[in-house]
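Counting convention: from 1, in listed order, for ligands and their atoms alike.
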Amino acid sequence: MSEHLRETHRRRTFAIVSHPDAGKTTLTEKLLLFGGAIQMAGSVKGRKAARHATSDWMALEKERGISVTSSVMQFPYEGHIVNLLDTPGHADFGEDTYRVLTAVDSALMVIDVAKGVEERTIKLMEVCRLRDTPIMGFINKLDREGKEPIELLDEIESVLGIQCAPITWPIGMGQRLRGVVHLVSGEVHLYEQGRNFTRQDSTIFPSIDAPGLAERIGEQMLADLRDELELVQGASHPFNKDDYLAGKQAPVFFGSAVNNFGVQPLLDFFVEHAPGPQPRATTSREIAPEEETFSGFVFKIQANMDPQHRDRVAFLRVCSGKYEAGMKSFHVRLGKEVKLANALTFMASDREIVETAYPGDVIGLHNHGTISIGDTFSAGESLAFTGIPNFAPELFRRARLRDPLKLKQLQKGLAQLSEEGATQFFRPLMSNDLILGAVGTLQFDVVAYRLKDEYSVDASFEPITISTARWVKGGTPKKLEEFREKNAMNLGLDAAGQLVYLAPSRVNLQLTMERWPELEFAATREHA
Ligand code: G4P
């Protein structure tokens, strides 16, 4: 097998999705621990705290109890290279999450044993279903009392519309938690205080019939377990890899992330069965990861990742070929060859310069405003990857500056933060207003906070009568000019300088569109 194929096939790129508080951060930390990416439990939270110290923006995250960033972490495990893409959990940051999900090959859904399927999980699952993304489930907080396991699987099946195949099964719950049974290997993993629950540091019986097990968990518990397993085997589906890969069946695990219990069986099963890098569609053809020429797309942009460096990073998922430091690549939208130097990878410990990256990997490119979400990089072919969603803003506010001398900084901040894709920035043709469009109201607070923190600009956002935006294109240059003159009051430019119609109402938009049938009024800006 060629090096390219070997490297490609050992990659596993996935995202963890959950309703806030189900335990995504805690589980991420434990997975990184198994990957040797961090040395000590508590490091992820520690990292959060360290960043909190350097950037008050993180204080906002803490105050609201949400995660507004998503990060990429790579770690090796059992001969595989795992790329974990974190997703923000709060509803207002949904777009970012959707785009992260376009860059993964599978997802892991964390569910709180007491709360069951929650609203965000339902939304996120809908997105996974659009692309038939294979999903595994981890039912968390087994050290607490929760719903009956069978009831939970029923709930997942009926609410999320996906078959469940339990891979581990809990023995008791809360105070009575004694362990889990691995339904595929037959092994029983005991839950014991003071253990780390790695394979080296846990008591594992080869089966429920193994001598000594009854003494450890109690005769009654074992008898109940036998009955329950019989019931489970009758009522649930056995694991079927094809169904899992087709996104029709979710293997489900039980455990307690904070205690690291039940996490290793999940990770072992994950690297064995989760899909490697999958082919990706472009407007002209499908790109297979096995192809040796380089291609990839940008699914996320983040400004000021490190406030001390004031950098903007574009996250690119490699779809085929190999990235090598310093290589030249074709930036399709600009129609230009560019040098990709100093790409970053995001190890949990710190950022490091990567020398090579393979399909499934995510690299961070330094962005000086030339890279947009959705951009394709190739080895020269005019490809455009499809399916990276772009959302039209539905809420608009005017930025109001407390110190007029800071106008330049405000413009720069709004433009740079808008590159991340969660907000869009417009300048009307006829006024000096700076208008921000967003999908959720929380984004205005975040932008105001970040403007202050990262750009030292004190600004607030006030209501304005704009109900929707449309990108105006098409027609002859003469028609377009005529349209511009007649509608200057409602026209503006976006951050990239494209013409946008800022409609005061839906009715107004409707009438304008009828009046100018030669022109196209696009609901989203074109990416490629
Ligand atoms: P999120 O990223 O999905 O939002 O969840 P996160 O991991 O931050 O976990 C949310 C809370 O649930 C945390 O408590 C965390 O410690 C707790 N938790 C995670 N896994 C388990 C588990 O297996 N059992 C129990 N009992 N709790 C769990 P917190 O009080 O919000 O934070 P902290 O002060 O404990 O860090």
K.L.:
Take Tyr191 and Asn259 through the test side chain to side chain donor-acceptor pair (under 3.5 Å) and record every step on the way to the result.
P.N.:
CA-CA 9 Å; Tyr191 179 71; Asn259 292 300; 3.3 Å; yes
K.L.:
With the threshold set at 4.0 Å, does a side-chain nitrogen-carboxylate oxygen contact exist between Asp105 and Arg317?
P.N.:
yes
K.L.:
Any carboxylate oxygen within less than 4.0 angstrom of a Lys/Arg side-chain nitrogen, looking at Arg99 and Glu420?
P.N.:
no
K.L.:
Looking at the rings of Phe377 and Phe297, which for Trp means the six-membered one, are their centres under 6.0 Å apart?
P.N.:
no
K.L.:
Can you check whether Leu160's main-chain N or O pairs, donor with acceptor, with Arg129's side chain at less than 3.5 Å?
P.N.:
yes
K.L.:
Could Glu7 and Arg11 be called an ion pair, given the rule that one side-chain N must be under 4.0 Å from one carboxylate O?
P.N.:
yes
K.L.:
Out of Arg120, His19, Lys30, Lys141, whose heavy atom is nearest to atom 28 (C) of ligand 1?
P.N.:
Lys141
K.L.:
Looking at Pro20, which atoms of ligand 1 are within less than 4.0 Å of one of its heavy atoms?
P.N.:
4 (O)
K.L.:
Side chain, backbone, both or neither: which applies to Asn140 and ligand 1 if a contact is any heavy-atom pair less than 4.0 Å apart?
P.N.:
side chain
K.L.:
Got an N/O contact under 3.5 Å between Gly23 and ligand 1?
P.N.:
yes
K.L.:
Any nitrogen or oxygen of Gly255, side chain or backbone, less than 3.5 Å from one on ligand 1?
P.N.:
no
K.L.:
Number the atoms of ligand 1 from 1 as they appear, then name those within less than 4.0 Å of a heavy atom of Ser18, with their elements.
P.N.:
3 (O)
K.L.:
Is the Phe239-Phe269 ring centre distance short of 6.0 angstrom?
P.N.:
yes
K.L.:
So is Asn259 touching ligand 1 or not, going by heavy atoms under 4.0 Å?
P.N.:
no
K.L.:
Provide the number and element of each atom of ligand 1 under 4.0 Å from a heavy atom of Lys24.
P.N.:
1 (P), 2 (O), 3 (O), 5 (O), 7 (O)
K.L.:
Mark up the atoms of ligand 1 that fall under 4.0 Å of a heavy atom belonging to Arg144, in ascending order.
P.N.:
26 (N), 27 (N)
K.L.:
Of Thr28, Asp143, Val258, Val17, which has the heavy atom at the shortest distance from atom 21 (C) of ligand 1?
P.N.:
Val258
K.L.:
Closer than 4.0 Å to some heavy atom of Ser256 - which atoms of ligand 1 meet that?
P.N.:
22 (C), 23 (O), 24 (N)
K.L.:
Should we say atom CD of Glu219 is surrounded by more than 12 heavy atoms from elsewhere, each under 6.0 Å from it?
P.N.:
no
